[in-house]
Amino acid sequence: MAKIFVTRKIPGSALDKLTNSGNEVVISEFDRPLTREELSEKAKGVDALLCLLTDKIDGEVLNAIGPQLKIISNYAVGFDNIDIEAATKKGVLVTNTPSDEVNEAVAEHTWALILSLSRRIVEADEAVRRGAYYGWEPDIFLGRSVVGKTLGIIGLGRIGSMVARRATGYNMEVIYYKRSPDPEAEKTLGVRFAVLDELLAKSDFVTLHVPLTDETRHMINHETMYKMKRGAYLVNTARGPIVSEHDLVEALRDGQLAGAGLDVFDNEPNIDPELISMENVILTPHIASATHEARDKMGGQAVAAILDALSGQKPQNLVDEKVWHNRNK
Ligand code: GLV
Ligand code: GLV
C-alpha cells in the first residue's frame, strides 16, 4: 500500500479514483495553499504527491519528503513551480496535465481578454451597473475593431497555435515568434514568423504563450514594451513573471500601451495597486484553464499518472523522460 498526499482538493470526481485505489490517501484538509512547512510536514514519507502550481517544490521540500518519493503529479500544464533538475537528480518522476481541453480553454480565455479589451466590455459593464447608462449615445465606449489588425503571438506551441487558429475568423494578420520558425504551422495556420523586435513593432495585440524559464522571465520589460507599437495591447495568460509588472504599469500610465489583459501576475496573488485602478486593464484571477472540461481532464490525468507510476507503468506526460529510463535501466 502506497502513501499518497494531495495538497488541495480539486474539482470533479478524479480524487475518488485515488481514494478508492487501495492506497493510503491523505487530502489536505485546508482549502488554501499550504505553507512550505505544512507541505514538508504533511508530505513526509509519501510515495506520490499530487500538487498544484501554487506549491513550490524545491530541493529542500524534496529532501523533507524523503527518498521513497516516486512521483510528483502536477495538476497544471506549467511546471515552473517544481525544481525539475532536483527531482531528476533524485530520480523522482514529474508529470503535468497538458491536453486539448486545457489548451483550448486557455486559448478561449486569451480571446475573451483580447475582445474585452478592444471592445471595452468590462468598463462598459461597470458603467451600466453604476447607473451611467442614459440611452444610446454616439460616442460612448468607442473601441477598436480587431478585424484587419495584426496579432503577435510569442510562443507558438499548442496554446499559441489555438489562439492563431481563432484569429482567422477575425481576418487578422498573425505573426509569431519562437526560437525557430515552424514551417508546418505556417502552412496549416497561415501565420508568418517574425523576429521578436519585428513582432513587437508590428503587432496591435501581443499575446504571450511561452513557459516561464530563466530566458523568458521579464522578457516583456521597459525595453521590449517600448519596442511595441504605441497604443498596442498586451495579453498574458501564460505566467505572470514573463512580464515586469512594474514596467507594465509605467507603459500603461504613459500611454505607450493602450491596455492590458492579464490572467497571471508577477507575484501572485499580489497585484500592483495602480494596475487595479486602471480602467484599460482587465484582471482575471488565473482562470484561463478554469472550465469544467479542462479541470476534469486535468484531474483524470493527474490521478492516472500517480496510479500508473505506483503500479510500475510509465505515466503519460512525463516532464523529463530521462528519469523513467534511468529508473528502468
Ligand atoms: C495553469 O496555469 C497551468 O499551468 O495549468
Ligand atoms: C503548450 O502547449 C504551449 O502552448 O506552450
Side-chain angles (χ1 to χ4, degrees), residues 106-134 137-147 149-155 163 167 170 172 196 199-210 212 216-290:
V106 177
E108 275 177 7
H109 196 75
T110 302
W111 269 99
L113 291 174
I114 292 173
L115 294 174
S116 301
L117 279 172
S118 56
R119 300 306 307 273
R120 305 177 64 182
I121 299 295
V122 176
E123 279 174 84
D125 173 273
E126 193 275 325
V128 171
R129 287 170 201 274
R130 151 161 69 74
Y133 173 46
Y134 311 108
E137 295 184 54
D139 61 350
I140 54 169
F141 294 110
L142 298 186
R144 298 238 170 245
S145 178
V146 299
V147 173
K149 301 285 163 36
T150 299
L151 176 65
I153 300 179
I154 298 182
V163 171
Y170 289 104
M172 293 182 88
L196 186 58
L199 180 141
L200 294 170
K202 292 210 167 134
S203 300
D204 300 289
F205 298 85
V206 171
T207 182
L208 307 174
H209 301 288
V210 287
L212 175 63
T216 62
R217 186 176 298 274
H218 286 187
M219 80 182 283
I220 303 299
N221 53 31
H222 180 87
E223 192 189 334
T224 43
M225 275 185 262
Y226 279 81
K227 285 179 178 169
M228 286 171 68
K229 208 187 232 189
R230 190 165 175 88
Y233 295 88
L234 178 69
V235 173
N236 188 7
T237 56
R239 280 292 181 269
I242 298 168
V243 177
S244 162
E245 201 163 297
H246 174 269
D247 293 357
L248 174 62
V249 166
E250 236 177 54
L252 286 163
R253 196 195 292 143
D254 174 43
Q256 168 60 13
L257 297 190
L262 308 171
D263 186 53
V264 287
F265 305 92
D266 211 346
N267 179 28
E268 292 178 22
N270 305 304
I271 303 176
D272 189 304
E274 197 172 338
L275 218 43
I276 293 179
S277 73
M278 289 174 168
E279 286 184 339
N280 53 344
V281 173
I282 299 175
L283 309 165
T284 56
H286 204 149
I287 55 167
S289 75

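Values in this document were obtained by computation on a predicted structure and should not be read as measured data.
- You'll find the side chain of Val206 reaches within 4.5 Å of the side chain of Met228, heavy atoms only.
- Considering only heavy atoms from C-beta on, Ile282 stays 4.5 Å or farther from Leu262 through its side chain.
- Remark: side-chain polar atoms of Gln256 are paired, donor with acceptor, to backbone N or O of Met225 under 3.5 angstrom.
- Salt bridge present: Arg120 and Glu123 bring a charged side-chain N and a carboxylate O closer than 4.0 Å.
- When all heavy atoms of Ile242 and Ala238 are compared, the closest pair comes out as CD1-CB, 3.8 Å.
- At a threshold of 4.5 Å between non-hydrogen side-chain atoms, the residues Leu248 and Ile220 do not count as touching.
- Taken to the nearest 0.5 Å, the CG atom of Leu234 stands 9.5 Å off from the CG atom of Leu200.
- When side chains are defined from C-beta on, Val122 does not count as touching Val281, because their heavy atoms never get closer than 4.5 Å.
- Across every non-hydrogen atom of Glu268 and Phe265, the tightest pair is OE2-N, 2.9 Å.
- Among all heavy-atom pairs drawn from Asn280 and Leu257, the shortest one is ND2-O, 4.5 Å.
- Within a 6.0 Å radius of CD in Glu279, no more than 12 heavy atoms belonging to other residues, nucleotides or ligands are found.
- Considering every non-hydrogen atom in both Ser203 and Gly152, the closest pair reads OG-CA, 3.2 Å.
- Thr216 contributes no side-chain N or O that, together with a main-chain N or O of Val210, makes up a donor-acceptor pair within less than 3.5 Å.
- You'll find the ring centres of Tyr170 and Trp111 inside the 6.0 Å limit.
- When side chains are defined from C-beta on, Met278 counts as touching Val249, because their heavy atoms get closer than 4.5 Å.
- If you run side chain to side chain donor-acceptor pair (under 3.5 Å) between Thr237 and each of Thr207, Thr110, Asp263, only Thr110 comes through.
- A donor atom on one side chain and an acceptor atom on the other are not found under 3.5 Å apart for His246 and Asn221.
- Asp204 contributes a side-chain N or O that, together with a main-chain N or O of Thr150, makes up a donor-acceptor pair within less than 3.5 Å.
- Considering every non-hydrogen atom in both Leu117 and Ala260, the closest pair reads CD2-O, 3.4 Å.
- The only member of Thr284, Ile121, Asp125 that meets side-chain contact (heavy atoms from CB on, under 4.5 Å) when paired with Ser116 is Ile121.
- In this structure, the side chains of Val235 and Leu208 stay at 4.5 Å or more apart for every pair of heavy atoms.
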task = Take Ile114 and Tyr233, measure what side chain to side chain contact (heavy atoms under 4.5 Å, CB included) needs, and give me the verdict at the end.
result = CA-CA 8 Å; Ile114 292 173; Tyr233 295 88; over 6 Å; no
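- You'll find the side chain of Val243 stays beyond 4.5 Å of the side chain of Met219, heavy atoms only.
- The closest donor-acceptor contact from the side chain of Ser277 to the backbone of Glu274 lies under 3.5 Å.
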When the side chains of residues 138-145 are checked against the rest of the protein, which donor-acceptor pairs come out under 3.5 Å, sequence neighbours left out?
residue : atom : partner : partner atom : Å
Ser145  : OG   : Val147  : N            : 3.1

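- Side chains of Asp254 and Tyr226: a donor-acceptor N/O pair is present below 3.5 angstrom, by distance only.
- Interatomic distance, CG of Asp272 versus CG of Leu283, reported as 10.5 Å (0.5 Å rounding).
- The CG atom of Leu212 sits 9.0 Å away from the NE2 atom of His218 when rounded to the nearest 0.5 Å.
- In terms of heavy-atom proximity, Ala167 sits nearest to Leu151 at CB-CD2, 3.9 Å.
- Between the Asp266 side chain and the Ser244 main chain, no donor and acceptor come within less than 3.5 Å of each other.
- The closest side-chain heavy-atom distance from Glu245 to Asn267 is not below 4.5 Å.
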